[in-house]
Student: 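Structure below; questions to follow.
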Amino acid sequence: MHKQHPENEQQFGYFDDQKCEYVITNPHTPTPWINYLGNDGFYGLISNTGGGYCFYRDPKFRRLTRYRYNSVPVDNGGRYFYLKSEGQTWSATGRPVHTELDQYSCHHGMGYSRFKASKNAISSQLTSFIPLNTKAEVHQLELKNDGDTTKAVELFSFIEWCLWNAEDDGANFQRNLSTGEVEVEGSTIYHKTEYRERRNHYAFYSVNHPIDGFETDRETFLGPYRGFENPIAVERGKTANSVARGWSPIASHHIKCELAPGESKTLVFVLGYCEVEATNKWQAPNIINKQPAQTLQAQFDTSEKVTAELLKLKNYWQNLLGKFVVKSPDERFDRALNIWNQYQNMVTFNLSRSASFYESGIGRGMGFRDSNQDTIGFAHMVPEKVKERILDLSSTQKTDGSAYHQYQPLTKKGNANIGGNFNDDPMWMVLSTANYIKETGDFSILDEMVIYDGQEQATHNHFDHLERAFNHVVNNLGPHGLPLIGRADWNDCLNLNCFSEDPNESYQTTQRGASDVAESVMIAGQFVLYGQEFVEICQRIGKNELASKCQTHVDQMRSSVEQHGWDGEWYIRAYDANGDKVGSNDNAEGKIFIESQGFCAMAGIGSEQGKPLQAMNSVEKHLSSDFGIMLNQPAFTRYSKYLGEISSYPPGYKENAGIFCHNNPWITISEAMLGRPEKAFEYYSKITPAFLQDVQKLHKTEPYVYSQMIAGNDSANPGEAKNSWLTGTAAWNYYAATQYILGIRPDYDGLLIDPCILPSWKSVAITREFRGANYQIELRNPSGLKKGKVELTIDGVKVAGNLIDPKRFGAKHTVVAEIVA
Ligand code: GLC
Ligand code: GLC
C-alpha cells in the first residue's frame with residue numbers, strides 16, 4: 001500500500017535533527033516503532049500507528065487502557081481515531097482501519113508523537129503527549145478540508161479500559177466480565193470499575209466539544225465478531241449511547257462536523273487519571289466526585305492551552321539535552337549522543353525493564369541491578385531523581401547486604417516472588433552512588449538514613465548499605481576465593497546452581513545444590529572495580545582504617561582472579577557447581593565469554609602482564625562480528641542442566657551467543673583505557689542505531705534506540721534485533737562514548753578530560769554542564785594521536801594536569817584540551 005522510502009527499500013523513515021524527531025514515512029515498519037510519553041509517574045507507550053497504552057506509575061497495578069500483547073494483528077489496542085467522509089473510512093494514525101492513506105507520517109519527538117495523515121483531501125494532524133506534571137494523555141486532533149468542496153466528516157474516538165490490574169485483567173474473566181462500570185456526563189466518559197469498593201481513583205476520556213453520541217460497551221461499538229478495523233458503529237455512522245455494565249467497557253465519542261474548503265477544526269481529547277480522598281468519593285449516591293476530573297480537563301480545554309503545554313515540554317527537553325552537546329566530524333555520533341541516547345536514558349531510568357512492547361508491564365518491576373546501572377546515563381540530566389532512586393533501591397536491600405532482585409514501583413517493596421541471591425546485585429549500588437557523587441560532588445547521599453528491607457525506621461545511613469554490599473561479596477566466597485554466583489550474576493541465564501530438568505521451573509528462581517559452590521569471575525572483576533571505588537569513598541570521608549581493611553579484600557580478589565581466573569589468552573567466566581571451568585579453552589562450547597573480559601579488563605586485573613590487552617585481542621578474534629560483539633563462542637548447541645537457561649536458547653540468540661548489547665560498552669571502555677580508539681569506536685558504532693540506517697529492514701526494531709539483543713553469527717538472521725528500548729545498553733553506551741571515547745569524565749574533584757578519539761578527528765567541540773557551570777570544551781588532536789597526554793587551557797590560562805577543578809572556576813568557561821605526545 002504505502003510507498004517505501006524512495007531511496008532505499010531498507011528504510012522506513014529518517015532523522016529530523018533540527019526538531020529532535022524521527023520521522024516514519026511508511027506505516028508498515030517491520031515491528032511497531034514506538035515512543036514513550038510522560039516522564040514523571042504517568043506514562044504512555046505509543047506506536048507509529050497509535051497503538052499502545054497508558055498507566056499511572058505501575059504498569060501492572062494501575063493500567064488505564066487495555067493492550068493485547070502477543071496478539072494478531074500485532075499492536076492491538078490503542079488510541080484510535082476513525083474518520084469517515086464521503087462513504088470512506090480511515091484512521092488518523094494509519095491503523096486499525098486498513099484503508100490506504102494518501103499521505104502518512106509519524107513524527108516521534110521528545111515526549112510527544114505527531115501523526116499526519118490525509119485521505120480524499122481531508123488531512124489530519126494528531127499530536128499526542130503527556131504535559132509536564134500531568135496525569136493525563138492529551139491528544140490534539142486537527143482536521144482540515146484541503147479540497148474545494150464542503151465536506152461532511154464524522155469522527156469516532158476509541159480507547160478500551162483496562163480494569164486496573166493488568167495481570168488480572170488478562171486472566172480473571174469470571175470476575176472481570178461482571179465488574180466494569182462507567183458514567184457518562186456531557187462529553188466525558190468516566191471509568192469507575194471497582195471505585196465502589198477499594199479504589200479511590202478513576203479515569204476518564206473527554207473531548208472539548210459537544211458530542212453527537214457515544215459508546216461505552218465494546219461489543220455494541222464493534223458489533224459481534226468484528227475487530228477494531230471495522231466497528232459497526234462507524235460503519236453505520238451511528239452510536240447507541242451504550243452504558244457498559246460489566247463485559248468490556250470502552251470510551252468512544254462520536255462527533256459530526258462540516259468543513260468548508262480550507263476550513264479546519266481542532267479537538268482536544270484528554271485521557272486522564274484522578275485520585276480522590278477516601279472521604280470525598282461521591283457527589284451523590286453512586287455518582288462519582290467529578291471535581292478533580294473537571295479541574296484537569298479545564299487545563300486543556302482550548303488549543304491555545306495545549307499548544308502552550310507542548311511548548312513547555314519542548315523547552316524542558318531542550319534544556320535537558322543542552323547539558324551535554326557534542327559536535328564531532330561524524331553527525332551520526334552527534335545525533336546519537338545529543339538526542340536519542342539521552343532520551344532513551346530517561347526512559348530506561350523511569351521504567352527500568354517494566355513496560356515496553358517486549359516487557360508486558362506485569363512481569364518485572366524495577367530491577368536492582370538494572371536500575372542502578374541506568375543511573376549512569378542519567379545523572380548529568382536530573383541528578384535529584386538519581387539520588388532519590390538510589391535511596392529507593394537502597395531501602396530494598398536486606399540486612400546481610402544482599403538485595404531483592406526487583407521491586408514494585410507503586411509500593412517500593414522488594415518482590416518476594418523473585419527474591420534475591422543474584423550475587424552481582426549489591427555491588428551495582430557502589431557504581432551508581434560513586435557516579436552520582438562524581439557528577440554532583442554531593443557526598444551527603446552517604447549520610448541519608450535508609451531502612452533495610454521491611455524495617456519501619458531507618459537506623460543506618462546509605463554508606464552503611466554500601467559497606468554491607470561490599471561485605472556481602474566478601475562473606476560469600478567460593479573454593480577459589482572467587483565470589484559465589486548464587487542464582488546468577490549479570491548474566492541472568494548463567495544458572496550454575498539450578499540443575500533444572502523440569503520445564504515448568506523458572507531458571508531464575510530455582511536454586512538447588514546443597515553446596516552452591518559455583519563462582520563468578522565476572523563478579524570478581526566487578527568487585528575489584530567497584531570495591532576499589534568503595535575504598536576511595538571510604539578514604540574521601542576519612543574512614544581510613546576501613547579503607548585499608550577493604551583494600552586488602554580487593555587485593556586478595558585481584559590475586560584470586562590472577563591465579564584462578566585466567567585461562568591463558570582470556571579470563572575464564574566461572575566455575576560451575578562441580579568446580580569445572582566455564583568459559584575456558586578446555587570447554588567444548590562456550591570457550592570464551594564477554595562479561596569477564598569486560599569487567600576484569602576495566603578493573604585492570606593482571607595489567608602488569610598485559611592481560612587486559614590479551615583479553616581484548618581474544619575478544620576481537622573470537623567474539624567480534626559485523627553487528628557487534630557476541631556474548632560467547634562457540635554457542636551452546638545442547639541443553640546442559642549445569643549451565644541453565646543460557647544453553648536453552650537456540651545458538652545465536654539472547655545470552656547464547658547473541659550480541660547482548662548491554663555488555664559491548666564494557667569492551668569499548670576497556671579498549672579506550674588501553675588507548676585503542678579505532679577499536680573503541682568500532683565497537684561503539686556497530687550497535688548504535690544512528691549508524692544502522694542502511695539496515696533498518698534487517699534490524700527490524702526502532703532505528704533510533706538501542707535494542708537489548710542483536711542476533712549473532714550462529715543465528716538464522718544475524719543482525720536482526722529484538723527487545724528495543726528498555727536495555728542497559730542505553731546508559732552504558734552513553735557512558736562509554738561520553739566518558740571514555742570523548743573522555744569527559746566526572747570525578748570526585750572535578751571534570752577529568754581524558755579522550756581516546758579517532759586519530760582522524762582533529763577537533764571536537766563539546767558543551768558540558770557540570771556542577772552548575774557551563775564548559776565549552778574543544779578537544780584538539782593536531783598530530784592525530786591515538787591517546788596522549790592532555791594539555792588544558794581554561795579561559796586562556798594553561799593549567800597543570802587534565803582536571804577541571806570546579807572549586808576554582810565558576811559560571812561559563814572555555815576549555816581547550818590538546819592531545820600531545
Ligand atoms: C536482561 C536483564 C539484565 C541482565 C541481562 C543479561 O537485560 O534485564 O538484568 O543483566 O538480561 O542476562
Ligand atoms: C530471561 C531473559 C533474560 C532476562 C531474564 C529476566 O532469562 O533471557 O534476558 O534478563 O529473563 O528474568
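These numbers come from the heavy atoms of this one structure, side chains and all, not from hydrogens, waters or symmetry mates. Atoms within a ligand are numbered from 1 in the order they appear, just like the ligands themselves.
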Student: At under 4.0 Å between heavy atoms, which part of His662 makes contact with ligand 1: side chain, backbone, both or neither?
Tutor: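 Neither part.
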Student: Measure Asp370 to ligand 1 on non-hydrogen atoms and call it side chain, backbone, both or neither using the 4.0 Å cut-off.
Tutor: side chain
Student: Taking all non-hydrogen atoms of both residues, which atom of Asn723 and which atom of Thr701 are closest, and how far apart?
Tutor: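 Minimum heavy-atom contact is N-CG2, 4.5 Å.
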Student: Suppose I only count heavy atoms of Glu655 and a 4.0 Å limit; which atoms of ligand 1 are within that range?
Tutor: 6 (C), 11 (O), 12 (O)
Student: Would Gln633 and Glu589 count as having a side-chain donor-acceptor pair, cut-off 3.5 Å?
Tutor: no
Student: Closer than 4.0 Å to some heavy atom of Asn491 - which atoms of ligand 1 meet that?
Tutor: 12 (O)
Student: Can you check whether Tyr571 and Phe599 have ring centres sitting under 6.0 Å from each other?
Tutor: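 Distance test on ring centres: not under 6.0 Å, no.
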Student: Are any of the side-chain nitrogens in Glu359 or Arg353 under 4.0 Å away from the carboxylate oxygens of its partner?
Tutor: no
